[in-house]
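Just below is one structure, and these are the notes that go with it.
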Amino acid sequence: MSTRRRPAATPARPRVAVVGANFAGLRVAQSLGDGFEVTVFDPAPWFEWLPNIHELLSGAKRAADLRLPRARLVKRAGHRFVRAEVTRIDARRGRALLAGGKSLEFDACIVAVGGVHDTFGVRGADRHALAFKGVDDCAGIGREIARLRRRGARAQRPQVVIVGGGLEGIEGLGEILRGERRRRSLDVTLVESGPRLMPDLPPALDARVRAHCAAFDVRLLTRARVTAVTPRRVRLDSGELLRSDLTIWTGGSAPSPLLRASGLASRAGQWAEVTAALQSRRHANVFVIGDAAALPSPLSKQAYHALDMGKCAADNVSRWLGGRPLRRFRPAPKPILVAFGDLDTFLVAGRRVLASPALAAAKEGIYQLTMAQLDPPLAPATLRAATTRLRRGASQVSQPTLALLQRGLPRKTGAA
Ligand SMILES: Cc1cc2nc3c(=O)[nH]c(=O)nc-3n(C[C@H](O)[C@H](O)[C@H](O)COP(=O)(O)OP(=O)(O)OC[C@H]3O[C@@H](n4cnc5c(N)ncnc54)[C@H](O)[C@@H]3O)c2cc1C
């Protein structure tokens, strides 16, 4: 780590640069008081609520439901938002360099850049498979699915291939099946390289998802790797060629090149190593949080951890600039909620799993509550937006539960 300590000539209002303004970065901005001169950078104008973007595939949510304007949120926190990409952080000189050539000096910097879409070098995947990473990506996938449904079966039913059977792939599949329950119009194949679906979560989920899929035209392939993607085909490592009218690439996330370019990671493809207090191991005036950070004890890359890290980093930057000891980040154990369209929702707490369509209300509740916390409905425009989100959310939550009861499916709440 560089020996750089708190600068002797730190101005009365120390300058803090925050790079990235989604979960982690926005929470930093909202936690730093007016004792700091804070500048927040992000090239995109909207905060995006990623945990529910799968719902854009079915139209259960619209892009506007999942976005908040960053400039307004940062301004309301009393800080400055600059819509720009940071290309390098020069920690030794205390300078953030921006695309376009400008730069900004800082006394401390907080890096919250998340990860970037990664197709692991699979031939053709960048060009011919749609990314499942942000609101625009998933809204685009939703439009493609609607187009395929309108096209309907000519000689054969349109085929959708989902690459990745982790959380995103399964949530995406669930949304496609939400539409298939109304009218069968697509064949779907999901390809997962691991030994089972959602390999990082308890095995009971695999069986439950397979049971739901048995009623649909869905093929679930595990221990299968995609080796190439063309406009109409997906090749597997077994040599099998899958027909594909729409290929969706989920799950691949790699460290941002900014980490390596700024000397926060020792090599390309590595997340930024931080101490338990979220301080970079290489530069004391830089803190790295959210998905971009590699903590001493590995932590799942989740939005609620990113939010909590943002709060902790804001406190630690203030402590570091004031020459006080830093606080350890202690991740709160929180369950994971995995939605499977309107067929089911799983609550995973360690090795325990609860499954019930009624749990969709919990996932919706977290979304509604956190969006309202990030953008409190204080003005008529924000109140209107919050009311629209609530109305649309309430209709999505109540309909599937009723539909399941009508079909007589068990409202099973089982532990595994
Ligand atoms: C499809 C999907 C589903 C998910 N579901 C869940 C879930 O159900 N529950 C859950 O807890 N988590 C979920 N996650 C994970 C969660 O979204 C992430 O853990 C969270 O977004 C991490 O927050 P972050 O602030 O670290 O990074 P991000 O949210 O990725 O934000 C990074 C920000 O940095 C900006 N940025 C990047 N590079 C630069 C640069 N060079 N200069 C300036 N700005 C930059 C980006 O524009 C972006 O706004 C999901 C993620 C995805 C993709």
Side-chain angles (χ1 to χ4, degrees), residues 17-29 39-57 66-68 70 73-74 81-89 96-100 104 109-118 131-138 141 162 164 166-172 175 201 248-262 264 271-272 278 288-293 299-310 313 331-332 334-339 345-348 362-364 366-367 370 374:
V18 181
V19 185
N22 221 45
F23 289 95
L26 191 60
R27 179 51 62 86
V28 169
T39 308
V40 180
F41 298 98
D42 202 299
W46 306 102
F47 164 84
E48 296 196 342
W49 181 270
L50 300 176
N52 286 63
I53 56 174
H54 53 275
E55 291 182 281
L56 294 164
L57 271 57
L66 300 173
R67 284 176 159 162
L68 298 170
R70 289 197 164 111
L73 301 186
V74 174
F81 176 66
V82 177
R83 194 177 156 192
E85 182 190 351
V86 172
T87 52
R88 192 164 70 84
I89 296 155
L97 294 101
L98 310 185
L104 179 113
C109 178
I110 302 181
V111 178
V113 292
V116 294
H117 177 60
D118 189 11
F132 193 96
K133 189 88 176 99
V135 167
D136 277 342
D137 298 331
C138 287
I141 295 172
I162 300 175
L167 223 127
E168 290 93 350
I170 294 298
E171 291 197 320
E175 288 307 312
L201 297 179
I248 303 170
W249 195 278
T250 72
S253 182
S256 161
L258 177 75
L259 302 181
R260 173 76 187 113
S262 307
L264 297 169
W271 303 98
L278 306 175
V288 186
I289 56 174
D291 283 6
L299 190 63
S300 59
K301 297 201 183 297
Q302 296 287 312
Y304 54 81
H305 288 319
L307 286 167
D308 290 351
M309 280 190 231
K334 289 196 181 129
I336 297 172
L337 277 161
V338 186
T345 297
F346 312 113
L347 185 145
V348 185
K363 182 140 178 143
E364 181 65 23
I366 291 170
Y367 152 72
T370 317
L374 290 169

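Note that ligands are numbered from 1 as they come in the structure, with each ligand's atoms numbered from 1 the same way. None of these values were measured; they are calculated from a predicted model.
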Could you list, one pair per line, each nitrogen or oxygen of ligand 1 together with any protein nitrogen or oxygen closer than 3.5 Å, giving atom names and the distance rounded to 0.1 Å?
residue  : atom   : partner : partner atom : Å
ligand 1 : 8 (O)  : K363    : NZ           : 3.1
ligand 1 : 9 (N)  : Q302    : OE1          : 3.3
ligand 1 : 11 (O) : Q302    : OE1          : 2.8
ligand 1 : 11 (O) : A303    : N            : 2.8
ligand 1 : 12 (N) : Q302    : OE1          : 3.4
ligand 1 : 12 (N) : A303    : N            : 3.1
ligand 1 : 19 (O) : D291    : OD1          : 2.8
ligand 1 : 19 (O) : D291    : OD2          : 3.3
ligand 1 : 19 (O) : K301    : O            : 3.4
ligand 1 : 19 (O) : Q302    : N            : 3.3
ligand 1 : 19 (O) : A303    : N            : 3.3
ligand 1 : 25 (O) : F23     : N            : 3.3
ligand 1 : 25 (O) : A24     : N            : 2.9
ligand 1 : 26 (O) : D291    : N            : 2.9
ligand 1 : 29 (O) : N22     : ND2          : 3.0
ligand 1 : 34 (O) : A112    : O            : 3.4
ligand 1 : 41 (N) : V86     : O            : 2.9
ligand 1 : 42 (N) : V86     : N            : 3.0
ligand 1 : 47 (O) : D42     : OD1          : 2.8
ligand 1 : 47 (O) : D42     : OD2          : 3.4
ligand 1 : 49 (O) : D42     : OD2          : 2.7
ligand 1 : 49 (O) : R70     : NH2          : 2.9

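- For E168, the side-chain contact (heavy atoms from CB on, under 4.5 Å) criterion is met by F132, T250, not counting sequence neighbours.
- Inter-residue side-chain proximity for V113 and D42 is flagged as unmet; no heavy-atom pair is nearer than 4.5 Å.
- With sequence neighbours excluded, the residues forming a side-chain contact (heavy atoms from CB on, under 4.5 Å) with A339 are H54, E171, T345, K363, listed by chain and number.
- In this structure, Q302 has no side-chain hydrogen bond (donor to acceptor under 3.5 Å, both in side chains) partners at least two apart in sequence or on a different chain.
- For D118 and K133, the salt-bridge test fails: no basic side-chain N is under 4.0 Å from an acidic carboxylate O.
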Practice prompt. Dump the intermediate steps for ring pair (Phe, Tyr, Trp, His ring centres under 6.0 Å) on F47 and F23, then the final yes or no.
Written response: CA-CA 8 Å; F47 164 84; F23 289 95; 5.2 Å; yes
